[in-house]
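Keep in mind it's a predicted model, so treat the numbers as computed, not measured. Whatever order the structure lists ligands and atoms in, that order sets their numbers, starting from 1.
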Amino acid sequence: MTKQTIAFLGTGLMGAPMARNLLKAGHDVVVWNRTREKAEALTADGALLAESPAEAASGADLVITIVSDGKAVADLLFSQDVAKAMQKGATFVDMSSITPQEARDHAERLAAAGIDHLDAPVSGGTRGAEAATLAIMAGGEEPCFERAKPVLEALGRPVRVGPSGAGQLAKLANQAIVAVTIGVVAEATLLVESGGGDPAAFRDALKGGFADSTILQLHGRRMSEGDFTPGGKSSIQLKDLNNIIAEASSLNLALPLSEAVRTRYRALVEEMGGGDLDHAALYRQLKEREQDLS
Ligand code: NA7
């Protein structure tokens with residue numbers, strides 16, 4: 001694999017282990033993060049620290065962003081001059097989860113400046129980020145995808161799902177499955193516990209059956225152990241659910257399960273102050289709701 005110079009912008013929960021994996025794969029990685037200390041920590045792994053996002057982007061073959069939302073991506077690209085700093089022929093890969101419309105808009109604006117764009121959001125959480133086993137859903141032109149693919153393979157399994165915006169659409173569908181599954185795993189866990197069952201034995205018994213899943217095993221354990229240290233934050237899950245409902249309504253669709261689970265994430269984030277808790281904390285919201293009803 002050819003060594004590339006990569007600017008990596010956004011070294012939060014997901015970004016930091018991903019940048020580490022790019023370094024491990026032998027690339028030159030220049031990091032920047034809004035809160036400087038989080039990027040600085042990566043210099044111990046061999047990353048170079050940039051003073052600004054534009055400084056990181058200048059001279060890079062590939063610029064990767066993984067930040068909170070579409071507004072943050074647009075701000076980096078067009079207000080903090082990342083697009084201006086990028087050399088012609090360089091590729092911009094946005095791994096943040098944003099709306100398909102925002103991704104298409106970024107792609108168009110970058111194309112006008114001669115820069116290729118790939119939307120490549122991920123699934124797999126911090127565990128997948130650390131193990132370099134992320135599911136990577138890419139949208140963009142085929143040649144651009146083929147150029148970025150060897151780099152993305154150091155992070156997980158990239159699959160091109162269509163043109164610009166298609167990666168974000170796939171990610172919204174992915175998040176609908178994740179959120180609704182977390183909701184029902186919380187209900188199943190509460191049902192087992194309240195009936196006097198052992199939730200760990202329950203999860204073990206279900207292994208390999210139709211109801212088994214990573215969410216049952218991983219998030220179900222977080223629920224019954226009450227450990228909500230964030231792998232994926234509830235605030236980010238709520239952002240995704242808002243984007244899912246908005247996309248659905250622009251397509252004249254009603255998605256009742258996604259809407260129901262969004263109402264519950266709203267209560268967790270906005271009424272219970274749980275935005276920074278892991279998204280498995282939906283279980284806590286369910287439990288409190290049950291107590292209020294009884
Ligand atoms: P985190 O750990 O909350 O990380 C969010 C990152 O986004 C973090 O580096 C933030 O910087 C950065 N951020 C947020 N707003 C901005 C703005 N306005 N400008 C620049 N940087 C910003 O979340 P995750 O790592 O779990 O998630 C990241 C993405 O992956 C998100 O789209 C998920 O849906 C999937 P900070 O450190 O707060 O200064």
Side-chain angles (χ1 to χ4, degrees), residues 7-21 29-42 47 49-57 63-83 85 92-100 102-103 106 118-130 134-139 152 155-156 167-179 182 219 228-244 246-247 262 265 269 274-281:
F8 200 99
L9 313 178
T11 55
L13 283 174
M14 293 294 290
M18 289 164 70
R20 263 187 208 105
N21 283 330
V29 182
V30 186
V31 289
W32 175 87
N33 191 67
R34 183 180 60 175
T35 306
R36 184 189 165 94
E37 300 79 63
K38 293 187 200 169
E40 213 160 24
L42 289 157
L49 182 68
E51 291 303 323
S52 69
E55 183 192 307
V63 176
I64 296 180
T65 42
I66 179 150
V67 292
S68 299
D69 54 26
K71 244 177 92 189
V73 178
D75 184 63
L76 288 173
L77 273 174
F78 307 115
S79 302
Q80 299 205 53
D81 289 340
V82 166
F92 180 77
V93 183
D94 182 23
M95 305 191 81
S96 323
S97 295
I98 70 174
T99 68
E102 285 169 324
H106 297 167
L118 207 63
D119 46 295
V122 301
S123 180
T126 48
R127 204 172 71 152
E130 280 154 20
L134 291 168
I136 304 173
M137 298 151 260
L152 297 179
L155 304 174
Q168 296 297 351
L169 186 64
K171 169 73 189 215
L172 290 184
N174 177 87
Q175 287 308 89
I177 296 171
V178 169
I182 286 180
H219 299 78
F228 301 121
T229 312
K233 289 180 192 165
S234 296
S235 57
I236 295 242
Q237 183 69 67
L238 177 59
K239 169 205 67 170
D240 289 335
L241 283 160
N242 286 333
N243 290 343
I244 290 163
E247 183 69 15
R262 177 183 53 173
Y265 270 107
V269 172
D276 282 339
L277 299 178
D278 187 78
H279 47 175

To the nearest 0.5 Å, how far apart are CD1 in I64 and CG in L152?
-> 6.0 Å

Examine the side chains of E102 and T99 and answer whether a donor and an acceptor come within less than 3.5 Å of each other.
-> yes

Short question: side chain of D119, backbone of Q168 - any donor-acceptor pair under 3.5 Å?
-> yes

Quick check: does any side chain N or O of D81 sit under 3.5 Å from a backbone N or O of A54, one acting as donor and the other as acceptor?
-> no

Got the residues with a heavy atom under 4.0 Å of ligand 1, by chain and number?
-> G10, T11, G12, L13, M14, N33, R34, T35, K38, I66, V67, S68, A72, S96, S97, K233, I236, K239

Qualifying residues under salt bridge (charged side-chain N to carboxylate O under 4.0 Å, His left out), relative to D278, sequence neighbours excluded = R222

I244 and L172: which non-hydrogen atoms are nearest, and at how many Å?
-> CD1-O, 3.3 Å

